[in-house]
Chemist: 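Quick one: the structure is below, questions incoming.
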Amino acid sequence: MLLTELNQECLLHLFSYLDKDSRRSLSLTCLRLRQVFLDPQLWTLLHFKSPCELRRDNFVLSSSLRYLAVCWHSSRVKVCNIEDWMKTTFQRDLCRKHESLVSDFLERVCHMCPNLVSLTLSGCGHITDQNVIDVLQSCRRLDSLSLENCARMTDSVLQAVVDHGKSLTEVRVDFCRNVTQAGLQDVRDKRPEVHLSALHSADMIPDSKPEEKTQIRRALQKFLIFS
(Lines give C-alpha, C1' and ligand atoms only; values in the text may rest on other atoms or scores of the structure.)
Protein backbone atom coordinates (compact mmCIF):
# COMPACT_ATOMS: atom_id res chain seq x y z
CA MET A 1 0.00 0.00 0.00
CA LEU A 2 1.22 3.49 -0.86
CA LEU A 3 1.40 6.18 1.80
CA THR A 4 -1.19 8.24 -0.02
CA GLU A 5 -3.63 5.33 0.03
CA LEU A 6 -4.02 5.59 3.80
CA ASN A 7 -7.15 7.30 5.04
CA GLN A 8 -7.15 10.82 6.49
CA GLU A 9 -7.15 9.66 10.10
CA CYS A 10 -4.07 7.49 9.64
CA LEU A 11 -2.21 10.21 7.78
CA LEU A 12 -3.01 12.75 10.48
CA HIS A 13 -1.67 10.33 13.07
CA LEU A 14 1.57 9.90 11.11
CA PHE A 15 1.97 13.64 10.60
CA SER A 16 1.52 14.23 14.31
CA TYR A 17 4.93 12.62 14.97
CA LEU A 18 6.73 15.10 12.70
CA ASP A 19 7.98 18.58 13.51
CA LYS A 20 6.67 21.61 11.63
CA ASP A 21 9.45 21.65 9.02
CA SER A 22 9.13 17.95 8.29
CA ARG A 23 5.37 18.25 7.92
CA ARG A 24 5.76 21.05 5.41
CA SER A 25 8.45 19.20 3.42
CA LEU A 26 6.30 16.11 3.18
CA SER A 27 3.27 18.17 2.18
CA LEU A 28 5.11 19.50 -0.86
CA THR A 29 5.40 16.04 -2.40
CA CYS A 30 1.78 15.72 -3.54
CA LEU A 31 -1.68 17.23 -3.29
CA ARG A 32 -2.98 14.45 -1.04
CA LEU A 33 -0.37 15.08 1.64
CA ARG A 34 -0.79 18.82 1.26
CA GLN A 35 -4.42 18.40 2.22
CA VAL A 36 -3.34 16.55 5.36
CA PHE A 37 -0.90 19.35 6.22
CA LEU A 38 -3.70 21.92 5.92
CA ASP A 39 -6.14 19.96 8.05
CA PRO A 40 -6.83 22.06 11.21
CA GLN A 41 -7.03 18.90 13.33
CA LEU A 42 -3.28 18.51 12.92
CA TRP A 43 -2.57 21.88 14.55
CA THR A 44 -4.00 21.73 18.05
CA LEU A 45 -0.57 22.52 19.55
CA LEU A 46 2.10 24.98 18.40
CA HIS A 47 5.46 25.57 20.07
CA PHE A 48 7.87 28.16 18.70
CA LYS A 49 11.43 28.34 19.96
CA SER A 50 12.02 31.86 18.64
CA PRO A 51 9.94 34.70 17.17
CA CYS A 52 11.79 34.17 13.88
CA GLU A 53 9.90 30.90 13.44
CA LEU A 54 6.69 32.91 13.24
CA ARG A 55 7.76 34.11 9.79
CA ARG A 56 7.71 30.62 8.30
CA ASP A 57 4.85 29.03 6.41
CA ASN A 58 5.25 25.66 8.11
CA PHE A 59 2.18 25.80 10.34
CA VAL A 60 -1.55 26.46 10.22
CA LEU A 61 -3.57 28.73 12.51
CA SER A 62 -7.19 27.76 13.01
CA SER A 63 -9.96 27.39 15.57
CA SER A 64 -8.52 23.95 16.38
CA LEU A 65 -5.51 25.46 18.14
CA ARG A 66 -5.61 24.75 21.88
CA TYR A 67 -2.05 25.09 23.14
CA LEU A 68 0.37 27.84 22.06
CA ALA A 69 3.87 28.62 23.31
CA VAL A 70 6.42 31.16 22.07
CA CYS A 71 9.59 30.66 24.11
CA TRP A 72 12.74 32.52 23.19
CA HIS A 73 15.82 31.56 25.17
CA SER A 74 18.92 33.24 23.75
CA SER A 75 21.32 36.14 24.33
CA ARG A 76 19.04 38.38 22.25
CA VAL A 77 16.38 38.16 24.94
CA LYS A 78 18.63 40.28 27.16
CA VAL A 79 18.73 42.98 24.50
CA CYS A 80 14.96 42.96 24.02
CA ASN A 81 14.36 43.40 27.73
CA ILE A 82 16.61 46.45 28.11
CA GLU A 83 14.68 49.66 28.67
CA ASP A 84 14.24 51.35 25.29
CA TRP A 85 15.84 54.63 26.33
CA MET A 86 18.96 52.74 27.48
CA LYS A 87 19.54 50.82 24.24
CA THR A 88 22.42 51.67 21.95
CA THR A 89 21.82 52.35 18.26
CA PHE A 90 23.01 48.84 17.43
CA GLN A 91 20.63 47.32 19.97
CA ARG A 92 17.70 49.33 18.61
CA ASP A 93 18.51 48.19 15.07
CA LEU A 94 18.66 44.60 16.28
CA CYS A 95 15.27 44.86 17.96
CA ARG A 96 13.65 46.72 15.10
CA LYS A 97 13.98 43.65 12.88
CA HIS A 98 11.69 41.55 15.05
CA GLU A 99 9.97 43.82 17.58
CA SER A 100 6.50 43.47 16.03
CA LEU A 101 6.71 39.77 15.14
CA VAL A 102 5.07 38.36 18.26
CA SER A 103 2.58 41.23 18.52
CA ASP A 104 1.42 40.73 14.92
CA PHE A 105 1.23 36.98 15.45
CA LEU A 106 -0.89 37.37 18.58
CA GLU A 107 -3.24 39.61 16.63
CA ARG A 108 -3.76 36.76 14.16
CA VAL A 109 -4.35 34.38 17.04
CA CYS A 110 -7.08 36.68 18.37
CA HIS A 111 -8.93 36.50 15.06
CA MET A 112 -8.36 32.85 14.18
CA CYS A 113 -8.00 30.85 17.40
CA PRO A 114 -10.98 31.54 19.70
CA ASN A 115 -10.72 28.11 21.36
CA LEU A 116 -7.21 28.56 22.73
CA VAL A 117 -6.91 27.16 26.26
CA SER A 118 -3.21 27.64 27.05
CA LEU A 119 -0.82 30.48 26.17
CA THR A 120 2.86 30.63 27.15
CA LEU A 121 5.09 33.59 26.25
CA SER A 122 8.68 33.55 27.43
CA GLY A 123 11.41 36.05 26.61
CA CYS A 124 9.08 38.11 24.41
CA GLY A 125 10.36 41.50 25.52
CA HIS A 126 8.46 43.57 22.94
CA ILE A 127 4.89 42.47 23.57
CA THR A 128 2.71 44.98 25.40
CA ASP A 129 -0.11 44.72 27.90
CA GLN A 130 -2.61 45.33 25.11
CA ASN A 131 -1.38 42.32 23.13
CA VAL A 132 -2.17 39.99 26.04
CA ILE A 133 -5.39 41.82 26.92
CA ASP A 134 -6.62 41.33 23.35
CA VAL A 135 -5.98 37.58 23.66
CA LEU A 136 -7.90 37.43 26.94
CA GLN A 137 -10.83 39.27 25.37
CA SER A 138 -10.86 37.11 22.22
CA CYS A 139 -10.04 33.67 23.64
CA ARG A 140 -12.69 33.27 26.31
CA ARG A 141 -11.79 29.63 26.98
CA LEU A 142 -8.22 30.41 28.00
CA ASP A 143 -7.47 28.30 31.07
CA SER A 144 -3.72 28.86 31.52
CA LEU A 145 -1.64 32.02 30.96
CA SER A 146 2.12 32.00 31.48
CA LEU A 147 4.26 35.12 31.02
CA GLU A 148 7.96 34.81 31.75
CA ASN A 149 10.62 37.48 31.32
CA CYS A 150 8.26 39.78 29.40
CA ALA A 151 9.56 43.17 30.47
CA ARG A 152 6.66 45.33 29.30
CA MET A 153 4.00 43.50 31.27
CA THR A 154 2.44 45.65 34.01
CA ASP A 155 -0.45 45.51 36.44
CA SER A 156 -2.77 46.24 33.49
CA VAL A 157 -2.42 42.58 32.49
CA LEU A 158 -3.32 41.50 36.02
CA GLN A 159 -6.38 43.73 35.90
CA ALA A 160 -7.34 42.11 32.60
CA VAL A 161 -7.06 38.70 34.27
CA VAL A 162 -9.70 39.86 36.73
CA ASP A 163 -11.91 41.55 34.12
CA HIS A 164 -11.68 39.19 31.15
CA GLY A 165 -10.06 35.91 32.20
CA LYS A 166 -13.22 34.24 33.45
CA SER A 167 -12.02 30.76 32.48
CA LEU A 168 -8.50 31.14 33.85
CA THR A 169 -7.42 28.73 36.56
CA GLU A 170 -3.64 29.25 36.35
CA VAL A 171 -1.64 32.44 35.80
CA ARG A 172 2.13 32.86 35.90
CA VAL A 173 3.96 36.18 35.66
CA ASP A 174 7.56 35.22 36.41
CA PHE A 175 10.46 37.68 36.09
CA CYS A 176 8.17 40.47 34.84
CA ARG A 177 9.82 43.46 36.50
CA ASN A 178 6.98 45.97 36.05
CA VAL A 179 4.40 43.86 37.88
CA THR A 180 3.81 45.07 41.45
CA GLN A 181 2.89 43.37 44.68
CA ALA A 182 -0.29 45.46 44.81
CA GLY A 183 -1.36 44.17 41.39
CA LEU A 184 -0.73 40.58 42.41
CA GLN A 185 -2.66 40.98 45.64
CA ASP A 186 -5.61 42.46 43.73
CA VAL A 187 -5.84 39.28 41.64
CA ARG A 188 -5.62 37.11 44.76
CA ASP A 189 -8.39 39.10 46.44
CA LYS A 190 -10.76 39.25 43.47
CA ARG A 191 -9.99 35.86 41.84
CA PRO A 192 -8.99 33.57 44.73
CA GLU A 193 -9.79 30.48 42.62
CA VAL A 194 -6.92 31.32 40.23
CA HIS A 195 -3.58 29.72 41.02
CA LEU A 196 -1.24 32.71 40.74
CA SER A 197 2.54 32.38 40.51
CA ALA A 198 4.90 35.37 40.39
CA LEU A 199 8.49 34.27 40.75
CA HIS A 200 10.64 37.37 41.45
CA SER A 201 8.33 39.69 39.50
CA ALA A 202 7.37 42.08 42.30
CA ASP A 203 10.89 41.86 43.78
CA MET A 204 12.67 43.22 40.70
CA ILE A 205 13.55 46.87 40.04
CA PRO A 206 10.83 48.29 37.76
CA ASP A 207 11.46 50.46 34.73
CA SER A 208 11.47 54.22 35.16
CA LYS A 209 11.74 56.95 32.56
CA PRO A 210 14.85 59.14 32.41
CA GLU A 211 12.97 62.20 33.68
CA GLU A 212 11.72 60.21 36.66
CA LYS A 213 15.25 59.18 37.57
CA THR A 214 16.39 62.81 37.21
CA GLN A 215 13.75 63.93 39.72
CA ILE A 216 14.80 61.20 42.14
CA ARG A 217 18.46 62.19 41.81
CA ARG A 218 17.67 65.87 42.38
CA ALA A 219 15.59 65.06 45.44
CA LEU A 220 18.44 62.96 46.81
CA GLN A 221 20.93 65.76 46.17
CA LYS A 222 18.73 68.25 48.03
CA PHE A 223 18.40 65.82 50.89
CA LEU A 224 22.17 65.41 51.14
CA ILE A 225 22.76 69.18 50.93
CA PHE A 226 20.33 70.11 53.67
CA SER A 227 20.90 67.13 55.93
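Quick caveat: nothing in here was measured; it's all calculated off a predicted structure.
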Chemist: Would you say Asp155's side chain and Leu158's backbone share a donor-acceptor pair under 3.5 angstrom?
Modeler: no
Chemist: I'd like to know if the side chain of His164 pairs up with that of Gln137 as donor and acceptor (distance under 3.5 Å, no hydrogens or angles considered).
Modeler: yes
Chemist: Leu136, Leu61: one ILVMFWY side-chain cluster at the under-4.5 Å cut-off?
Modeler: yes
Chemist: If the threshold is 4.0 Å, N to carboxylate O, is there a salt bridge linking Arg177 and Asp207?
Modeler: yes
Chemist: Determine yes or no for a side-chain-to-main-chain donor-acceptor pair under 3.5 angstrom, with Lys20 supplying the side chain and His47 the backbone.
Modeler: yes
Chemist: Within a 6.0 Å radius of atom CD on Glu107, are there more than 12 heavy atoms belonging to other residues, nucleotides or ligands?
Modeler: no
Chemist: Identify whether Leu42 and Leu46 are in the same connected component of the hydrophobic contact network (ILVMFWY, side-chain heavy atoms under 4.5 Å).
Modeler: yes
Chemist: Does NZ belonging to Lys49 count more than 12 external heavy atoms closer than 6.0 Å?
Modeler: no
Chemist: Cluster question for you: counting only ILVMFWY and a side-chain heavy-atom cut-off of under 4.5 Å, with indirect links fine, are Phe15 and Leu3 together?
Modeler: yes
Chemist: Please check if Leu18 and Leu11 belong to a single hydrophobic cluster, counting links between Ile, Leu, Val, Met, Phe, Trp and Tyr side chain heavy atoms closer than 4.5 Å.
Modeler: yes
Chemist: Is it true that, when you exclude Gln35 itself, more than 12 heavy atoms of the residues, nucleotides or ligands shown sit nearer than 6.0 Å to its CD?
Modeler: yes
Chemist: Is the backbone N or O of Leu199 less than 3.5 Å from a side-chain atom of Asp174, with the two atoms forming a donor-acceptor pair by type?
Modeler: yes
Chemist: What orientation do His200 and Phe175 show, parallel under 30°, tilted 30 to 60°, or perpendicular over 60°?
Modeler: tilted
Chemist: side-chain contact (heavy atoms from CB on, under 4.5 Å) with Met153: which of Val173, Val132, Asn178?
Modeler: Val132
Chemist: For Trp43, does the six-membered ring have the charged nitrogen or CZ of Arg66 within the cation-pi criterion, i.e. under 6.0 angstrom from the centroid and within 45° of the normal?
Modeler: no
Chemist: Arg24 vs Asp57, test: salt bridge (charged side-chain N to carboxylate O under 4.0 Å, His left out). Steps then yes/no.
Modeler: CA-CA 8 Å; Arg24 181 181 181 277; Asp57 59 347; 2.9 Å; yes
Chemist: What I want to check is whether the side chains of Gln130 and Arg152 have a donor and an acceptor closer together than 3.5 Å.
Modeler: no
Chemist: Does this structure show an ion pair linking Glu193 with Arg191, if we count only N-O contacts that are shorter than 4.0 Å?
Modeler: yes
Chemist: Crowded around Glu5 CD? As in, over 12 foreign heavy atoms under 6.0 Å?
Modeler: yes
Chemist: Would a hydrophobic clustering, with Ile, Leu, Val, Met, Phe, Trp and Tyr connected at side-chain separations under 4.5 Å, put Phe37 with Met112?
Modeler: yes
Chemist: Can you check side-chain contact (heavy atoms from CB on, under 4.5 Å) on Leu121 and Ile127, steps first, answer last?
Modeler: CA-CA 9 Å; Leu121 300 171; Ile127 61 170; 3.5 Å; yes
Chemist: Is there a donor-acceptor pair under 3.5 Å between the side chain of Asn115 and the backbone N or O of Ser63?
Modeler: yes
Chemist: I'd like to know if the side chain of Ser201 reaches the main chain of Val179, judged simply by a donor and an acceptor atom lying under 3.5 Å from each other, with no hydrogens or angles considered.
Modeler: no
Chemist: Is any side-chain N of the basic residue among Lys190 and Asp186 closer than 4.0 Å to the acidic one's carboxylate O?
Modeler: yes
Chemist: Would you indicate whether Arg141, at its atom CZ, is surrounded by more than 12 heavy atoms from other residues, nucleotides or ligands within a distance under 6.0 Å?
Modeler: no
